[in-house]
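Numbering of residues begins at 1 and proceeds along the displayed sequence. All ligand and atom numbering here is 1-based and tracks the order in the structure. The structure presented is a predicted model; accordingly, all values stated were derived computationally and were not measured.
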Amino acid sequence: MLKNLCMTAKIIDGKLLANKVKEKVSIAVSELGKESIFPGLATIIVGKDAASSIYVKNKGKSANEVGIKSFQYALPENVSEEDLLELIKNLNKDNAVDGILVQLPLPKHIDSDLVIDSIDPSKDVDGFNILNAGSLFIDRDGVIPCTPLGCLLMLRSINVDLKGKHAVIIGRSNIVGKPMAQLLLKENCTITVVHSKTKNIKNIVKEGDIIIAAAGIPNLVTYSWIKKDAIAIDVGINRLKIEGKNKLVGDIKFDEAKEITSYITPVPGGVGPMTIACLLMNTVFQCAKRNNIAEPSSLKELL
Ligand code: NAD
């Protein structure tokens, strides 16, 4: 069925775009350095989950690459909620720290909502706490979660008019699906959010001019789910063992989808690097506002 098709999608290169964003952040950090101001990002990880440890390590490394000071806290799995809250309280007061990131998920004995809401909203670099989430919902200024922001910048990078496009978002989590819906609504898209209980999901996804896949189900979206020339943004990161080798795949079956979409993001090398770039951007342009850094008048000019 796929053989006779001559069209293949253009790949939206997340690594390339992320490097452009990082360059802008790096320039801003050097400007600040001349005034002896050094933006700082604190990351907190609890326990030894392998994937989370890699994410946090990469975030710290990327921060250092652009000149952001990275403060990393690795706490044991059995740390008490009280001790974690105490650490956050101290980081909230610490002038060397502009952004605070708590890697999720947290162990079950810790109330994640309480922890996230204890971060000073102006240092909530992930944009997950109640004030920033609410600000996005009612169109007020606030910190925008990194992954949806990265997806939006990827969409903007291809210069497609988003106005009136039907965006189907697969997944309704607080960190990806819901904020993504709000951001695209702001771009004047028409939004449908589908999730694990949605009936007839394939037919709904097939109506999307834009598909944002964030379900965490490997290869969920196949050729027959996709409208011709749709734009596909794959947020999913799924680890599979294929022929004895570990492989990362997204929620969209890439080889099939690239034959019918107009643009598609790869996994790896798509949304992942952009998430980290947006974290650095948020640290400097959103959270370090106390340093009076000129924020770009529009995020578009970053790309
Ligand atoms: P989550 O588990 O919190 O939410 C998943 C959502 O998908 C839920 O709303 C659920 O209703 C929906 N869902 C589950 N099964 C479904 C199905 N069969 N059909 C339709 N919807 C279904 O996950 P999350 O934190 O939002 O992350 C989603 C995926 O994105 C994961 O693979 C995660 O690793 C990845 N992720 C990637 C980045 C990145 O930087 N690239 C960042 C965050 C999350």
Side-chain angles (χ1 to χ4, degrees), residues 12-15 17-18 21-22 43 45 49-62 101-106 108 112-113 116 125-128 133 136 144-155 167-184 191-208 211-222 224-226 232-240 246-254 264-282:
I12 308 176
D13 186 335
K15 269 194 199 161
L17 289 177
V21 173
K22 281 157 93 174
T43 56
I45 182 168
D49 177 72
S52 294
S53 304
I54 294 170
Y55 293 148
V56 171
K57 213 171 120 197
N58 287 341
K59 287 169 185 174
K61 191 170 150 247
S62 299
L101 176 154
V102 178
Q103 185 67 36
L104 299 175
L106 290 171
K108 288 204 166 49
S112 302
D113 290 344
I116 296 303
V125 74
D126 262 335
F128 290 165
L136 180 59
I144 298 171
C146 307
T147 300
L149 181 57
C151 294
L152 178 61
L153 293 181
M154 291 178 107
L155 285 171
V168 179
I169 297 157
I170 311 175
R172 57 175 164 183
S173 71
N174 290 340
I175 65 173
V176 189
K178 283 183 201 153
M180 190 76 245
Q182 290 305 323
L183 280 181
L184 289 179
I191 308 298
T192 303
V193 179
V194 298
H195 48 80
S196 55
K197 303 288 185 287
T198 301
K199 296 198 171 97
N200 211 3
I201 190 166
K202 170 177 156 181
N203 289 346
I204 299 173
V205 174
K206 205 172 169 73
E207 285 175 11
I211 301 167
I212 311 277
I217 309 283
N219 300 322
L220 174 72
V221 179
T222 55
S224 63
W225 288 43
I226 303 170
I233 308 286
D234 195 349
V235 181
I237 301 179
N238 308 291
R239 288 172 176 72
L240 292 186
N246 292 324
K247 208 177 163 213
L248 279 190
V249 301
D251 289 358
I252 300 179
K253 200 157 195 191
F254 184 82
I264 188 166
T265 64
V267 177
V271 176
M274 277 305 280
T275 295
I276 294 187
C278 288
L279 170 72
L280 307 177
M281 201 171 84
N282 277 353

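- Heavy-atom contacts of G272 reach the following atoms of ligand 1: 40 (O), 41 (N) (cutoff under 4.0 Å).
- Distances between N or O atoms of I237 and those of ligand 1 include at least one value under 3.5 Å.
- With ligand atoms numbered from 1 in the order given, ligand 1 contributes 25 (O) to contacts under 4.0 Å with heavy atoms of I175.
- Remark: ligand 1 atoms within the under-4.0 Å shell around heavy atoms of G171 are 6 (C), 7 (O), 9 (O), 12 (C).
- When side chains are defined from C-beta on, I276 counts as touching N58, because their heavy atoms get closer than 4.5 Å.
- When side chains are defined from C-beta on, I116 counts as touching V102, because their heavy atoms get closer than 4.5 Å.
- Protein heavy atom closest to atom 42 (C) of ligand 1, with residue, atom name and distance, is T147 OG1, 3.2 Å.
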Working for side chain to side chain contact (heavy atoms under 4.5 Å, CB included), residues N246 and R239: CA-CA 7 Å; N246 292 324; R239 288 172 176 72; over 6 Å; no
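- Of the protein's heavy atoms, at least one falls inside 4.0 Å of atom 3 (O) of ligand 1.
- Listed by number with element, the atoms of ligand 1 under 4.0 angstrom from any heavy atom of I201 are 19 (N), 20 (C).
- Each of V168, I169, I212 was scored for a side-chain contact (heavy atoms from CB on, under 4.5 Å) with I191, with one residue passing: I169.
- For atom 40 (O) of ligand 1, the candidate residues are V194, T275, V205; the nearest heavy-atom contact is made by T275.
- Note that the CG atom of L17 and the NZ atom of K22 stand 12.0 Å from one another [nearest 0.5 Å].
- With C151, A214, A51, P105 as candidates, the residue nearest to atom 28 (C) of ligand 1 on a non-hydrogen basis is A214.
- Within the set C146, S173, P268, the minimum heavy-atom distance to atom 23 (O) of ligand 1 is found for S173.
- At a 3.5 angstrom cut-off on N or O pairs, Y55 does not count as close to ligand 1.
- Of the protein's heavy atoms, R172 N, 2.8 Å lies nearest to atom 9 (O) of ligand 1.
- In this structure the side chain of I175 never reaches within 4.5 angstrom of the side chain of T147, judged on heavy atoms.
- Residues N203 and W225 are not in side-chain contact: their nearest non-hydrogen atoms beyond the backbone lie 4.5 Å or more apart.
- Of the heavy atoms in T198, none comes closer than 4.0 Å to ligand 1.
- Looking at V235, I217, I204 and measuring to atom 37 (C) of ligand 1, the nearest heavy atom belongs to V235.
- Closest to atom 27 (O) of ligand 1 among all protein heavy atoms lies V176 CG2, 4.4 Å.
- Atoms of ligand 1 found under 4.0 Å from any heavy atom of I170, numbered from 1 in the order shown, are 20 (C), 21 (N).
- Of all protein heavy atoms, the one closest to atom 22 (C) of ligand 1 is S196 N, 3.5 Å.
- In this structure, the side chains of T265 and M274 stay at 4.5 Å or more apart for every pair of heavy atoms.
- Under the 4.5 Å side-chain criterion, counting only non-hydrogen atoms from C-beta, I211 is not in contact with I233.
- The heavy atom nearest to atom 29 (C) of ligand 1, considering only G177, P218, G216, C278, is found in G216.
- Looking from atom 7 (O) of ligand 1 to the surrounding protein, the closest heavy atom is A215 CA, 3.3 Å.
- Within the 3.5 Å criterion, the main-chain N or O of F128 finds no donor-acceptor partner in the side chain of D126.
- Proximity of a side-chain donor or acceptor of D251 to a complementary backbone N or O of G216 within less than 3.5 Å is detected.
- Side chains of L220 and I252 form no contact here, defined as non-hydrogen atoms less than 4.5 Å apart.
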